[in-house]
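A quick write-up on the structure given underneath.
Computation of the quantities below employed the complete heavy-atom set of this structure, encompassing side-chain atoms and omitting hydrogens, waters and symmetry-equivalent molecules.
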Amino acid sequence: GSLLTLGLVFTVPLMVFNDGPRIRCYDLFMGTELWNARPGGTLKSLAMTPSGSFVVAGTETGDILRYDDRGSLNWSYASNNENSRIAGISEVVITKDGGLVAAASEEGIILLLSMKGTPIGSYQVPDRIRNIALSQDGSILLVATDTDIYAFLTGYTASARSSSPS
C-alpha cells in the first residue's frame with residue numbers, strides 16, 4: 001500500500017501470512033492488522049504483489065483465490081473438479097502488476113490464470129512440483145521438481161494484460 005502526505009508517496013511495508021485457516025495482512029510500520037480473510041480449507045501457499053495490491057492463495061483442496069488490498073475476494077478458481085487427493089495447490093506466484101497468476105498442483109499441473117481468474121493456459125511436468133517462479137515481467141515461468149528445472153514461455157505482457165501460453 002501507499003500513503004500520500006504533502007505530495008510525497010511513502011510505501012508502507014506489508015506482511016501477509018496465514019495462521020491456520022486465516023490469511024492476515026499487517027502494516028509493519030504501524031504494527032496493525034489491515035485485514036484478514038478465511039478462505040475455507042487448509043492454506044498451502046501464499047503470494048503477494050510487491051505493492052501489496054493483490055494476494056493470491058492456494059488451498060489443499062485445489063482452490064486458487066485472489067484478494068485485493070482490503071482483503072476482499074476478487075475471484076476464486078476451483079482447479080480440482082475431480083476431488084483428487086493430490087491436486088492441492090502447493091505453489092502460487094503472481095506478477096508484479098497482478099495481471100498473471102501461476103499455480104502448481106502437487107500432481108505436476110501448472111495453471112495460468114488471468115487478472116480476472118480465467119484460465120489462459122496450463123502445463124504439465126512428470127514429477128512432483130517443489131517450487132515455481134515467474135520472471136519479473138511474467139514472460140517466463142520456472143518450475144522445479146525433485147530432479148529437473150523446466151522453463152516455459154507464458155506469452156504474458158504486462159502492457160496488454162492478456163496472454164496465452166506459447
Please determine, by modelled atom types, if Asp127 and Thr147 share a side-chain donor-acceptor pair under 3.5 angstrom.
yes
Is a donor on one side and an acceptor on the other found under 3.5 Å between the side chain of Thr154 and the backbone of Leu141?
no
Please answer whether the main-chain N or O of Asp146 pairs with a side-chain N or O of Arg128 as donor and acceptor at a distance below 3.5 Å.
no
Leu34 backbone acceptor or donor facing Arg70 side chain under 3.5 Å
no
How long is the straight-line distance from CG of Leu111 back to OH of Tyr123, given to the nearest 0.5 Å?
11.0 Å
With Ile94 as reference, evaluate Leu134, Leu113, Val101, Leu46 under the side chain to side chain contact (heavy atoms under 4.5 Å, CB included) test and give the passing residue.
Val101
Donor-acceptor pair, Asn18 side chain versus Arg22 backbone, under 3.5 Å?
no
Closer than 3.5 angstrom, by distance alone: can the side chain of Thr49 be matched with the main-chain N or O of Phe54 as a donor-acceptor pair?
yes
Looking at Tyr67, is its backbone amide N or carbonyl O close enough to the side chain of Trp75 to form a donor-acceptor pair, meaning the two atoms are under 3.5 Å apart?
no
In terms of heavy-atom contacts, Ser90 and Ser105 come closest through OG-C, 3.9 Å
Shortest non-hydrogen contact between Leu43 and Pro21, atoms and distance
CD1-O, 4.1 Å
Regarding Glu91 and Arg130, does a basic nitrogen lie under 4.0 Å from an acidic carboxylate oxygen?
no
Considering residues, nucleotides and ligands other than Leu73, do more than 12 of their heavy atoms fall under 6.0 Å from its CG?
yes
Checking Thr95 side chain against Leu100 main chain: does a donor-acceptor pair fall under 3.5 Å?
yes
After noting the C-alpha distance and the side-chain angles of Asn36 and Tyr26, does the key distance pass the side-chain hydrogen bond (donor to acceptor under 3.5 Å, both in side chains) rule?
CA-CA 9 Å; Asn36 73 70; Tyr26 274 81; over 6 Å; no
May I ask you to decide whether Arg24 forms a salt bridge with Asp19, counting only side-chain N to carboxylate O separations under 4.0 Å?
yes
Criterion side chain to side chain contact (heavy atoms under 4.5 Å, CB included) on Val125 and Asp148, from CA distance to verdict:
CA-CA 9 Å; Val125 296; Asp148 295 300; over 6 Å; no
